[in-house]
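First comes the structure, then the notes that go with it.
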Amino acid sequence: MAVTSLPLFLPRAWVHGDPRRVAYPTDSKGHFCGQKGTPNENKTILFYFNLFSCTSPSVVINLQCPTTQICVSKCPEKFLTYMEIQFTYRTNKNYWTYYSQFCKSTFVKPAKTLTQVLLDDDCPIAIFPSKPFLQRCFPDFSTKNGTLTVGNKTTFEDGSGKTRNAIELRAAANRVNKILDARTIGMKIFEDYATTWYWILLGLIIAMLLSWMFVILLRYIAGLLFWVFMVGVIGIIGYGIGHCYQEYCNLQGQPNSHLTVYDIGIQTDISMYFQLKQTWFTFMVILCLLEVFIILMLIFLRERIRISIALLKEGSKAIGYIPTTLVYPLLTFIFLSICISYWAVIAVYLATSGVPVYKVITPEGQCKHENTTCDPEIFNTTEIAKACPGAQCNFAFYGGKSLYHQYIPTFQIFNLFVFLWLINFVIALGQCALAGAFASYYWALKKPDDIPPYPLFTAFGRAIRYHTGSLAFGSLILASIQIFRIVLEYLDRHLKEAQNNISKFLQCCLKCCFWCLETVVKFLNRNAYIMIAIYGKNFCKSAREAFNLLMRNVLKVAVMDNVTDFVLILGKILVTGCIGVLAFLLFTQRLPTIIEGPTSLNYYWVPLLTVIIGSYLVAHGFFSVYAMCVDTIFICFLEDMERNDGSTERPYYMSQSLLKILNEPSMQTKKP
């Protein structure tokens with residue numbers, strides 16, 4: 001039944017799902033706040049009757065406290081208690097008019113006693129100043145002269161005859177406090193983005209121009225640019241080491257700078273970590289190790305760097321003849337965005353499929369019927385209400401007991417699997433299309449005269465028309481491995497406390513094995529797609545031929561693949577590093593004589609990290625095309641070497657410069 005129902009989950013999700021359940025808060029009766037066409041249309045905010053009950057052990061997720069929750073049009077702005085309203089009603093009815101909007105139903109006057117109000121749960125016994133956040137009324141906490149206050153008061157009446165203070169309310173709303181801290185940080189981050197968005201956009205444009213310029217220059221001065229990459233990366237890391245050392249020295253003698261990260265614990269203010277000597281010392285050690293590693297790599301791979309330079313020159317020529325390949329990452333980004341959006345929409349519809357489920361909630365959590373399902377319409381007349389005084393039948397979540405609702409978690413996993421499959425298919429399609437375009441360049445005997453017109457468009461159409469099944473099959477294998485890795489990670493996170501040392505060791509081994517398997521499959525798939533683009537055979541035959549070809553030239557593969565990837569990674573680091581250094585100097589106001597940057601940032605690292613990550617993604621898009629070009633030319637070269645012998649009948653298709661470097665005898669017979 002489960003297997004046969006999997007293909008039907010999509011239409012059921014569209015029918016039963018309701019994204020409004022994510023967008024709108026829900027009151028204790030399961031009604032949406034702010035939904036058009038309902039009595040709550042103008043009541044968009046959720047209000048909690050007794051926020052002190054949030055300390056109960058029965059508090060559930062999504063801010064569900066064991067207290068009545070209703071929809072209101074605005075949050076309370078003053079301190080009032082129900083007993084105060086009863087005393088002032090005869091002289092001033094305006095207070096009751098204001099107070100009654102926070103009751104479940106409209107009352108002409110506050111005639112009920114406090115005990116009756118508590119039993120019927122019609123009104124809150126007290127209200128205090130609050131502000132809306134995430135469409136919920138949260139306490140209006142503030143600090144005055146170092147003292148925590150609510151509405152500029154440190155103490156207030158809770159409506160039951162007790163005097164409370166702001167610290168008690170903050171402790172009672174412990175879950176709310178974390179959200180309030182997140183709100184403060186979120187608002188500051190939003191302000192920083194609003195101030196620096198055009199600088200961020202400018203940085204990404206400069207990163208694109210730098211990447212484009214490097215790709216073009218590699219055609220003419222690949223060797224020189226390689227050493228520019230080396231010097232640039234070493235210089236940037238050296239600057240980082242110097243800056244870390246300078247900050248470390250500046251903190252000498254500063255109070256509390258000797259503390260460790262363990263001493264201060266987890267802090268929402270990230271800048272506190274940058275006031276510790278340990279932080280800058282750790283950064284300095286990491287950068288020093290990275291600097292030494294790069295220098296050693298250059299020393300031991302100096303002879304083989306010539307091979308990478310030759311392939312980079314040949315790849316730059318191919319891109320020069322087929323410049324449209326540099327635009328293809330944009331098409332891949334569009335396809336990936338569509339896949340991500342489709343998965344997210346289906347996931348939301350599945351998550352919101354179901355009917356409102358109500359459960360018994362008691363303030364103290366002592367009732368034996370706690371968390372059992374109930375019907376709010378008849379709850380007060382049931383035995384549960386009599387057996388558990390003060391118990392409430394509140395909305396808990398959306399669900400159901402039908403076969404469809406029981407398999408919603410399975411459908412979510414299936415939806416995730418399809419998402420991974422689509423993502424890998426889009427990447428495979430791009431690799432096959434680019435490989436077909438670059439292969440048409442390599443196998444042209446007279447370049448560029450024999451290159452077919454519109455090679456990228458032709459290769460893309462050929463991949464869609466003839467090789468969709470092969471690409472889908474390769475993507476299916478990779479998606480299956482990835483879903484197993486995700487399941488293992490999920491089990492590891494949720495079963496940590498129940499695991500012993502042996503199970504943890506086995507879990508770690510499985511995760512490592514699946515990671516290695518995924519890496520190997522990605523490598524084989526990539527080369528299989530190249531063979532598909534060249535010969536047009538199915539996935540299995542292409543994967544086998546690619547594997548055999550690589551195994552026959554395993555030494556060349558080891559050299560070419562690693563060194564070429566190393567060169568391209570250094571290019572990404574250099575582009576990202578240049579933009580990162582410029583952004584750092586700009587956002588920290590260290591370029592006032594050249595250009596004046598933003599002067600009122602809360603966290604300069606927010607736009608800085610955005611620029612750095614964005615620049616890396618831009619550079620990765622350009623250099624990924626270059627990497628595919630080099631890999632395709634290398635596979636074509638190996639095929640060319642095996643199929644042809646350089647004679648008139650079977651001439652080589654490679655350039656003479658590439659043949660001279662890749663096939664020189666000294667590489668194979670050179671002795672120490």
For this session: Begin with the C-alpha distance, continue with both residues' side-chain angles, and end with the deciding distance and a verdict on side chain to side chain contact (heavy atoms under 4.5 Å, CB included) for Leu420 and Ile486.
Result: CA-CA 11 Å; Leu420 295 174; Ile486 293 175; 3.8 Å; yes

Minimum heavy-atom separation for [X] to [Y], with atom names?
X      : Y      : value
Pro329 : Leu326 : CD-O, 3.3 Å
Cys137 : Ile45  : SG-CG2, 3.5 Å
Leu608 : Ala583 : CD1-CB, 3.7 Å
Thr324 : Leu456 : O-CD2, 3.6 Å
Cys339 : Leu422 : SG-CB, 3.8 Å
Ala619 : Ser211 : CA-OG, 3.5 Å

Do other residues, nucleotides or ligands put more than 12 heavy atoms under 6.0 Å from the [atom1] atom of [X]?
X      : atom1 : value
Tyr239 : OH    : yes
Phe283 : CZ    : no
Tyr245 : OH    : no
Tyr321 : OH    : yes
Lys572 : NZ    : yes

Under 4.5 Å between any side-chain heavy atoms of [X] and [Y], yes or no?
X      : Y      : value
Leu429 : Tyr529 : no
Phe128 : Lys153 : no
Tyr441 : Lys317 : yes
Leu289 : Phe293 : no
Gln246 : Trp280 : no
Leu46  : Tyr48  : yes
Thr325 : Phe438 : yes
Leu331 : Tyr328 : yes

Exercise. So His243 and Phe584, would you call those rings parallel, tilted or perpendicular, with 30° and 60° as cut-offs?
Worked result: perpendicular

Exercise. So Leu434 and Thr632, side chain to side chain contact (heavy atoms under 4.5 Å, CB included) or not? Walk me through it.
Worked result: CA-CA 9 Å; Leu434 290 173; Thr632 303; over 6 Å; no

Exercise. Between OG of Ser615 and CD1 of Ile200, what distance do you get to the nearest 0.5 Å?
Worked result: 10.0 Å

Problem set entry | Test log, rule side chain to side chain donor-acceptor pair (under 3.5 Å), inputs Asn525 and Gln431 | CA-CA 10 Å; Asn525 281 7; Gln431 292 175 345; over 6 Å; no

For this session: Please assess Ile340 against Phe419 for the test side chain to side chain contact (heavy atoms under 4.5 Å, CB included), listing each intermediate value before the final yes or no.
Result: CA-CA 7 Å; Ile340 294 173; Phe419 167 71; 3.7 Å; yes

Looking only at atom types and distance, does a side-chain atom of [X] sit under 3.5 Å from a main-chain N or O of [Y], one as donor and one as acceptor?
X      : Y      : answer
Gln412 : Ala347 : yes
Tyr626 : Ser316 : yes
Thr576 : Ile573 : no

Problem set entry | Full working for side chain to side chain contact (heavy atoms under 4.5 Å, CB included) between Leu336 and Ile423 | CA-CA 6 Å; Leu336 292 178; Ile423 290 294; 3.5 Å; yes

Exercise. Quick one: do Arg485 and Glu489 make a salt bridge, cutoff under 4.0 Å?
Worked result: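 So Arg485 does not pair with Glu489 through a salt bridge.
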
